[in-house]
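Quick note on labels: first sequence line is chain A, next is B, and so on, each numbered from 1. From a predicted model like this one, the values you see are computed outputs, not experimental measurements.
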Amino acid sequence: MAYALQQLINGVTLGMIYGLIAVGYTMVYGIIGMINFAHGDVFMVGSFLSLIALLGLSALGITSVPLALALTLLFAAGLAALYGWTVERVAYRPLRGSFRLAPLISAIGMSITLQNFVQVSQGARVKPIEAIIPGGIRLIDTGDFAVQLSWMQIAIIVITLTILGLFTWLVTKTPLGRTMRACEPDLKMASLLGIDTDRTISLTFVIGAALAAVAGFMFLLYYGVIDFYIGFIAGVKAFTAAVLGGIGSLPGAVIGGLLIGLIETFWSAYFSVEYKDVAAFSILIVVLIFMPTGLLGRAEVEKV
Amino acid sequence: MTALRDAFLSAIVAFGLFGPLVGLVTANGEHGLALTARPIATAVIVGLVFFGRLAMLSWRGRTPRATNRALAERITRSGKYLTPVLLIAAFALPFTGSRYYIDLGTLVLTYIMLGWGLNIVVGLAGLLDLGYVAFYAVGAYSYAILATTFGLGFWTCLPLAGILAALWGVLLGFPVLRLRGDYLAIVTLAFGEIIRIVLINWVSLTNGPNGITGIPRPTLFGLAFSMDGGPGTFAGFFNIEPEVIQRIIFLYYVIFGLALLTNWVSLRLRRLPLGRAWEALREDEVACRSLGINVRNTKLTAFGIGALFGGFAGAFFATRQAFVSPESFTFIESATVLAIVVLGGLGSQLGVALAAIVMIGGLEVLRDLLSTLGDQLHSPFFGDIANELPLYRMLIFGLALVVMMVLRPRGLVSGRTPGVALTKVKEIAPELVAQGRG
Amino acid sequence: MLSVTDLTMRFGGLKAVDSLSFEARAGDITAVIGPNGAGKTTVFNCITGFYRPTSGTIVLTHPAGGGTFALERMPGHRIAAAAKVARTFQNIRLFAGMTVLENLLVAQHNTLMAATGFGVLAVLGLGRYRAAEAAGIEKARFWLDAIGLTARADDPAGALPYGAQRRLEIARAMCIDPVLLCLDEPAAGLNPRESEELNQLLLRIRSLGCSLLLIEHDMGVVMRISDHIVVLDHGQKISDGSPAEVRADPAVIAAYLGEGDEDEEPA
């Protein structure tokens with residue numbers, strides 16, 4: 001029981017990270033109907049930016065942990081947003097309205113570019129850092145097994161919930177969110193109604209990238225080690241999460257992320273670590289067989 | 001003036017993008033990771049962006065927009081001559097006797113074959129498959145395991161490998177082919193990853209990450225290409241000196257033949273009801289259903305036949321390398337083959353061949369170029385860059401994919417040639433041809 | 001030959017079709033008419049297998065003892081392939097990137113496919129495929145002549161003018177050799193001359209022994225060529241009879257006078 005509780009805590013933490021990345025996939029899909037394959041790599045870039053910021057801040061002699069974390073988060077999210085904006089501008093905008101597979105290939109090209117760019121500029125070796133917030137709370141101690149809730153996990157869950165709260169407010173309550181939602185069902189119609197769709201799409205990428213950078217920051221804190229390849233794996237998982245939740249649905253992305261995190265953690269704990277990804281992917285396939293548009297996706301009704 | 005301001009803004013963006021990631025390197029110091037500054041490299045990149053943007057703006061201002069259409073038409077029209085020229089060149093390549101070119105040709109032909117195989121699924125039937133490498137892997141491992149465990153030869157295993165791959169295609173396709181577009185894409189991607197993870201972890205069958213070694217080479221009607229030159233070997237039978245190049249050339253012609261087979265079958269199928277039904281599915285699934293076409297079965301045949309050729313190519317890959325390991329079957333392979341199909345122009349056989357030559361040939365040329373350049377740059381000024389130069393290969397590849405798509409979103413050969421005509425076959429403009437939603 | 005009994009179709013809380021029963025006789029042109037939102041297209045989609053009705057039965061009997069089919073239980077493609085019910089769509093669904101001829105050949109897929117020996121023989125150039133294909137092209141040519149598009153056989157379907165696309169869609173549906181052809185607003189968007197040509201085409205199809213079921217919004221077209229008319233309003237049948245009877249029915253007049261501009265489909 002205690003063991004399961006521990007896995008639940010770990011799974012939720014991991015799921016939060018996936019969920020944040022998945023939101024970026026689902027937002028972009030919702031608005032322009034494309035799989036932004038480079039999104040996982042923007043997450044990776046965000047993670048590297050966090051690492052650079054943390055190292056830079058410590059070199060500058062800033063020792064206050066909360067201050068350093070806040071500055072790092074701002075720095076990483078801001079610059080990752082710039083990456084998101086640039087990727088859209090360079091690789092996707094010229095292909096808007098064109099043939100469906102061209103943006104997909106362009107996105108795959110961008111993903112390869114970002115991955116190899118970081119490998120070339122920062123080196124292929126893994127980057128380990130020391131734990132920034134060590135320690136935690138001992139929830140239950142049965143004698144042979146102690147359930148730990150680390151400060152780091154608390155921080156991740158709190159930060160994710162705060163960011164998601166902020167984001168929900170942004171999408172539902174602000175004029176920006178309204179234009180985004182207006183673009184979602186019909187981009188052409190929105191532009192006829194006088195919405196600057198290019199700007200809205202840019203903003204979608206900017207917000208998605210910032211969220212991915214937050215996830216990248218937390219990934220760095222949680223695992224304490226990153227490399228240029230983390231973007232692909234996390235990206236595929238997060239994309240799986242978005243599809244599992246029903247692509248296009250924002251709550252679906254978070255739920256999907258949590259599910260993937262939990263499946264992975266529990267499978268690793270009770271069955272085998274090696275096949276944790278197989279478990280996650282298999283569940284995706286099974287869910288899609290029975291619910292072809294994911295858990296919260298709108299059913300597509302073919303009008304004839 | 002606006003151009004100058006635009007270029008200046010681009011430079012600022014470039015500084016934001018490259019300032020931290022290029023300018024500040026995280027490297028292992030005495031006390032764990034530390035930052036090293038690289039101001040010159042950053043300045044160079046930002047400067048390049050500034051002047052590049054300036055040059056681009058002034059160039060675009062002066063020259064009229066390049067007409068994509070003209071190039072497409074030129075390729076399509078010259079297709080009549082290009083095809084025989086390419087065929088003859090491909091046939092004659094081994095006569096150069098250069099091992100480098102023959103190896104390169106073999107590699108390019110493998111990708112042409114994979115491209116043609118995937119073209120059936122993506123180009124004709126309009127089904128987005130991001131996990132084609134799974135079938136390539138199934139083919140390669142089928143041959144590797146059958147050959148090393150049961151001692152079966154290449155020619156016996158080739159059809160088996162294809163059939164097993166097709167079987168997996170049908171097995172996966174059966175439940176998931178009713179999914180639409182991007183859902184199908186993620187499921188196929190997931191399947192590709194599942195296969196790879198299983199290959200890594202099922203050590204008793206696949207020998208895990210170490211792969212399978214000692215996979216036998218193919219024989220020519222029972223004649224082996226071994227170096228002892230004894231009777232029953234190729235050299236012994238023809239009474240010539242055994243040389244490695246003989247095997248290399250033989251392998252080249254094997255893949256040449258397999259690729260031609262793929263091409264021939266796809267061309268035949270396109271003229272038959274099955275191929276027409278695939279294209280009709282790509283155009284409009286609902287209309288197909290109203291005409292009594294069994295949509296699922298038709299999709300399954302496309303998926304299965306595509307997988308079959310993937311399996312053949314995989315078996316060839318295994319016998320050529322004499323070694324397989326899960327490393328060869330990553331997502332990047334699927335992405336490369338898909339990029340070949342899309343860049344070629346969906347559904348076009350010639351386009352796929354051209355795209356494979358450009359992309360795979362280009363990648364290899366780039367590899368040599370970068371390593372030669374690296375050797376020559378060995379001076380104190382360039383320092384590490386010389387050693388790292390080969391790493392830039394995939395970076396350039398990625399950028400090239402983006403640039404090619406932006407310049408030619410419809411691919412090299414984008415029109416469609418109907419397979420049947422009452423009077424005269426006329427090319428169909430790409431704007432009318434659908435891309436499929438499945 | 002077609003008998004619809006107690007057909008009901010619900011979309012969530014909305015009853016698009018409410019226990020509808022009617023008959024379409026063999027050799028007739030039967031029209032289903034009604035104001036926008038009356039449930040016509042829904043009825044159609046149930047008959048042709050695109051929707052599964054909530055309740056009720058749809059039974060098709062082939063003339064001359066050819067068998068009976070419970071359409072409400074058959075998958076969509078079987079309704080066309082086995083029960084031989086063909087249809088067209090309100091918003092034309094041609095294979096735009098394929099030629100006119102190819103469109104007509106795709107419609108003969110099942111016949112031609114059977115002749116290929118599951119593909120294997122035909123790939124090798126063996127078997128009786130060549131003859132089957134020649135026959136298929138002949139049938140296509142017959143219909144091309146009938147719709148006046150022989151000269152454009154090798155042009156892409158998407159490049160045809162609107163009226164020609166409508167005719168081609170009908171010809172394509174006829175290529176499955178249907179016993180019942182269902183047309184969803186075939187006259188929509190046609191000018192009077194094209195509309196007249198369409199009427200001639202439909203009468204010719206009837207003379208070839210195929211029964212027709214058509215949905216029409218425009219009373220004029222319906223009155224001229226239909227043998228039998230079913231009038232729907234709010235998912236229920238309000239009138240049923242010959243054109244003359246229906247025209248005189250006060251319920252029909254009331255329904256049409258009260259017509260608004262709502263959308264056609266409640267879905």
J.: Measure the shortest side-chain to side-chain distance between A:E274 and B:I197 over non-hydrogen atoms and say whether it is less than 4.5 angstrom.
T.: no

J.: Could you tell me whether A:Y275 atom OH has more than 12 heavy atoms of other residues or ligands within 6.0 Å of it?
T.: yes

J.: In terms of heavy-atom contacts, does CZ of A:R96 have more than 12 from other residues, nucleotides or ligands at under 6.0 Å?
T.: yes

J.: Which region of B:A287, side chain (C-beta onward) or backbone (N, CA, C, O), has a non-hydrogen atom less than 4.5 Å from a non-hydrogen atom of chain A, or is it both or neither?
T.: neither

J.: For A:L95 and B:M405, which heavy atoms make the closest approach, and how far apart are they?
T.: CD2-O, 3.3 Å

J.: Give the member of B:I396, B:V22, B:V176, B:V13 that has the highest number of heavy-atom pairs under 4.5 Å with chain A.
T.: B:V13

J.: Is there a side-chain contact between B:I194 and A:I285 (heavy atoms, below 4.5 Å)?
T.: yes

J.: Would you mind reporting whether A:L101 and B:V122 have side-chain heavy atoms less than 4.5 Å apart?
T.: yes

J.: Between A:V120, A:V236, A:T86, A:I108, who has the most heavy-atom pairs with chain B when the cutoff is under 4.5 Å?
T.: A:V120

J.: Against chain A, label B:I332 side chain, backbone, both or neither, depending on which of its atoms sit under 4.5 Å from a heavy atom there.
T.: side chain

J.: Answer yes or no: is there a side-chain heavy-atom contact under 4.5 Å between A:N116 and B:Y392?
T.: no

J.: State, to 0.1 Å, how close A:A91 and B:V402 come at their nearest heavy-atom pair, and which atoms those are.
T.: CB-CG1, 3.7 Å

J.: Give the intermediate values and the outcome of side-chain contact (heavy atoms from CB on, under 4.5 Å) for residues A:L104 and B:L338.
T.: CA-CA 10 Å; A:L104 179 73; B:L338 184 66; 4.0 Å; yes

J.: Taking side chain as everything from C-beta outward and backbone as N, CA, C, O, which of these in B:R393 sits under 4.5 Å from a heavy atom of chain A? Side chain, backbone, both or neither.
T.: neither

J.: Can you list the residues of residues 23-35 of chain A that sit under 4.5 Å from chain B, counting heavy atoms only?
T.: A:Y29, A:G33, A:I35

J.: For A:L114, which atoms come within 4.5 Å of any heavy atom of chain B: side chain, backbone, both, or neither?
T.: neither

J.: More than 12 heavy atoms of other residues, nucleotides or ligands under 6.0 Å from CZ of A:R89: yes or no?
T.: no

J.: OG1 of A:T113 to CG of B:L399: how many Å apart, nearest 0.5 Å?
T.: 4.0 Å

J.: Could you list the residues that satisfy side chain to side chain donor-acceptor pair (under 3.5 Å) with A:E264, not counting sequence neighbours?
T.: A:Y18, A:K237

J.: Is any side-chain heavy atom of A:Q122 closer than 4.5 Å to one of B:L21?
T.: yes

J.: Hey, mind stepping through B:R38 and A:S121 against side-chain contact (heavy atoms from CB on, under 4.5 Å) and telling me if it holds?
T.: CA-CA 10 Å; B:R38 243 186 340 199; A:S121 62; 4.0 Å; yes

J.: My understanding is that only one of A:V243, A:L288, A:I289, A:T240 makes a side-chain contact (heavy atoms from CB on, under 4.5 Å) with B:V187; could you say which?
T.: A:L288

J.: Counting only heavy atoms not in B:F15, do more than 12 fall under 6.0 Å of its CZ?
T.: no

J.: What part of A:A59 lies closer than 4.5 angstrom to a heavy atom of chain B: side chain, backbone, both or neither?
T.: neither

J.: Check step by step if side-chain contact (heavy atoms from CB on, under 4.5 Å) holds for B:L179 and A:T293.
T.: CA-CA 8 Å; B:L179 298 176; A:T293 48; over 6 Å; no

J.: Using a cut-off of under 4.5 Å on heavy-atom pairs, state which of B:T26, B:L35, B:V342 scores highest against chain A.
T.: B:T26

J.: Contact part of A:P128 toward chain B, heavy-atom cut-off under 4.5 Å: side chain, backbone, both or neither?
T.: both

J.: Check whether any side-chain heavy atom of A:I247 lies under 4.5 Å from a side-chain heavy atom of B:Y183, and answer yes or no.
T.: yes

J.: Check for a donor-acceptor pair, side chain of B:R178 on one end and backbone N or O of A:P292 on the other, with a separation under 3.5 Å.
T.: no

J.: Using 30° and 60° as the class boundaries, would you call the ring planes of A:F37 and B:F331 parallel, tilted or perpendicular?
T.: parallel

J.: What's the shortest heavy-atom distance between B:P409 and A:A102, and which atoms?
T.: O-CB, 3.6 Å

J.: Would you check if A:L79 and B:L17 make a side-chain contact, meaning some heavy-atom pair closer than 4.5 Å?
T.: no

J.: Can you see which heavy atom on A:P94 is nearest to which on B:V406, and at what distance?
T.: CB-CG1, 3.7 Å

J.: Just how far is it from atom CD of A:Q115 to atom CG of B:L395, taken to the nearest 0.5 Å?
T.: 11.0 Å

J.: Before we go on, tell me: are the rings of A:F117 and B:F18 under 6.0 Å apart, centre to centre?
T.: yes

J.: Given heavy-atom pairs under 4.5 angstrom as the criterion, report whether the side chain, backbone, both or neither of A:R93 touches chain B.
T.: neither

J.: Tell me, side chain or backbone of A:S272 under 4.5 Å from chain B's heavy atoms, or both, or neither?
T.: neither

